[in-house]
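Structure, as structure tokens:
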Amino acid sequence: MNGNRERMPLIALRGASKVYRTGDVEVAALKGVDFTVEAGEFVAIMGSSGSGKSTMMNILGCLDRPTTGRYLLEGQDVSRLDRTELAVVRNRTLGFVFQSFNLLARTSALENVELPLLYAGVSARERRRRAREALERVGLGERLEHHPRQLSGGQQQRVAIARALVNRPRLLLADEPTGNLDSRTSVEVMVLFQELRREGITLVLVTHEPDIAGYAGRVVVMKDGRILSDQRQQPVPAVVPPLEEAVS
């Protein structure tokens, strides 16, 4: 039984559709999508506004559920779980990184990273130890007590990534994580993402930037609520350019 579970895709959408209703108007944001991601993959999802990529990301993150179809996460049909059960899945299995960082301005980097552990009921001592470990992992071991306003945009995103990793998720979901960053800092984030993939974490990234999608091993393009193309590729190695080259 365990062996069969291990062979299952980490993510599997089966005929997933999502319909939003406003009064008598229905909008089909997702239309019968079949989509799988194996454990350890790094997948980029692209598409124009209204393509369905954000809706699919919300379903993958258990923030929404399909109107019809199924969503299997580690073999479990999470599309049938109630809100409390979904919250447990999000806390134990998933990590989220957003474009806007979503850090609390009046708390330190360490305290921001501790938050998911606080919600999970982890002891104060263990929270601090694991938050410190996560910040060191993203190269911010010397910025533990800094507040967001004392950090660059790239450093703030690293805090957000540390917060996403502190619960040791199997799946990291990133929604336009480089959207507020300059090109050099964007590459720094992609270096980190590629390192996480090599460590065995599965990553699904939504982006509108082809150069960012180039760092993934697979690119899915969406249009009008459907998958238009799904191609594997040799990922571009993320290498941060020398400072003087980046400035020029």
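Note that the numbering runs from 1 along the sequence shown for the chain. These numbers come from the heavy atoms of this one structure, side chains and all, not from hydrogens, waters or symmetry mates.
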Please say yes or no: joined through hydrophobic side-chain contacts below 4.5 Å, possibly via intermediate residues, are [X] and [Y] part of one cluster?
X    : Y    : value
L117 : L144 : yes
L205 : F101 : yes
F98  : M190 : no
V219 : V204 : no
L203 : I11  : no

Which pair of heavy atoms, one from [X] and one from [Y], lies closest together, and at what distance?
X    : Y    : answer
Y71  : I59  : CE2-O, 3.1 Å
L110 : R132 : CD1-N, 3.5 Å
P177 : V206 : CD-O, 3.8 Å
F35  : V43  : CZ-CG1, 4.3 Å
L94  : L60  : CD1-O, 4.0 Å
V89  : C62  : CG1-SG, 4.0 Å

Looking only at atom types and distance, does a side-chain atom of [X] sit under 3.5 Å from a main-chain N or O of [Y], one as donor and one as acceptor?
X    : Y    : answer
E41  : E38  : yes
N58  : D64  : no
E26  : Y20  : no
E136 : E133 : no
T22  : V25  : no
K18  : R65  : yes
R127 : V122 : yes
T93  : R90  : no
T67  : V19  : yes
Q194 : V191 : no

Answer yes or no: is there a side-chain heavy-atom contact under 4.5 Å between [X] and [Y]?
X    : Y    : value
L172 : L196 : yes
Q150 : Q155 : no
P9   : L72  : no
I201 : R170 : no
N91  : N167 : yes
E74  : L171 : no
H208 : M46  : no
L13  : D34  : no

Let me confirm one number: the [atom1]-[atom2] distance from [X] to [Y], rounded to the nearest 0.5 Å.
X    : Y    : atom1 : atom2 : result
N180 : S100 : CG    : OG    : 7.0 Å
D211 : S183 : CG    : OG    : 8.5 Å
L86  : L63  : CG    : CG    : 9.0 Å
H147 : E145 : NE2   : CD    : 8.5 Å
L10  : T36  : CG    : OG1   : 10.5 Å
S48  : K53  : OG    : NZ    : 6.5 Å

side-chain contact (heavy atoms from CB on, under 4.5 Å) evaluation trace for Q157 with Q99: CA-CA 8 Å; Q157 190 60 291; Q99 177 177 346; 5.9 Å; no
Before accepting this row, confirm whether a basic side-chain N of the pair R163/E111 lies closer than 4.0 Å to the acidic partner's carboxylate O.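 E111 and R163: not salt-bridged.
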Output yes when R184 and E188 qualify as a salt bridge under the 4.0 Å nitrogen-oxygen rule, no when they do not.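 E188 and R184: salt-bridged.
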Using side-chain contact (heavy atoms from CB on, under 4.5 Å), reason through R70 and R80 one step at a time and then give a plain yes or no. CA-CA 8 Å; R70 305 170 70 201; R80 302 292 180 260; 4.2 Å; yes
Within 6.0 Å of [atom1] in [X], more than 12 heavy atoms from elsewhere:
X    : atom1 : result
E199 : CD    : yes
K223 : NZ    : no
R129 : CZ    : yes

Step by step, work out the side-chain contact (heavy atoms from CB on, under 4.5 Å) result for F42 and F193. CA-CA 9 Å; F42 183 0; F193 279 2; 4.1 Å; yes
Before you tell me yes or no, could you show the steps for L228 and M222 under side-chain contact (heavy atoms from CB on, under 4.5 Å), namely the whole-Å CA-CA distance, both residues' side-chain angles and the distance that decides it to 0.1 Å? CA-CA 5 Å; L228 184 64; M222 299 195 67; over 6 Å; no
I'd like to know if the side chain of T185 pairs up with that of D182 as donor and acceptor (distance under 3.5 Å, no hydrogens or angles considered).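 A donor-acceptor contact under 3.5 Å links the two side chains.
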Determine, step by step, whether R218 and D230 satisfy the salt bridge (charged side-chain N to carboxylate O under 4.0 Å, His left out) criterion, reporting the C-alpha distance in whole Å, the side-chain angles of both residues, the deciding distance to 0.1 Å, and the verdict. CA-CA 7 Å; R218 179 177 160 202; D230 184 347; 2.8 Å; yes
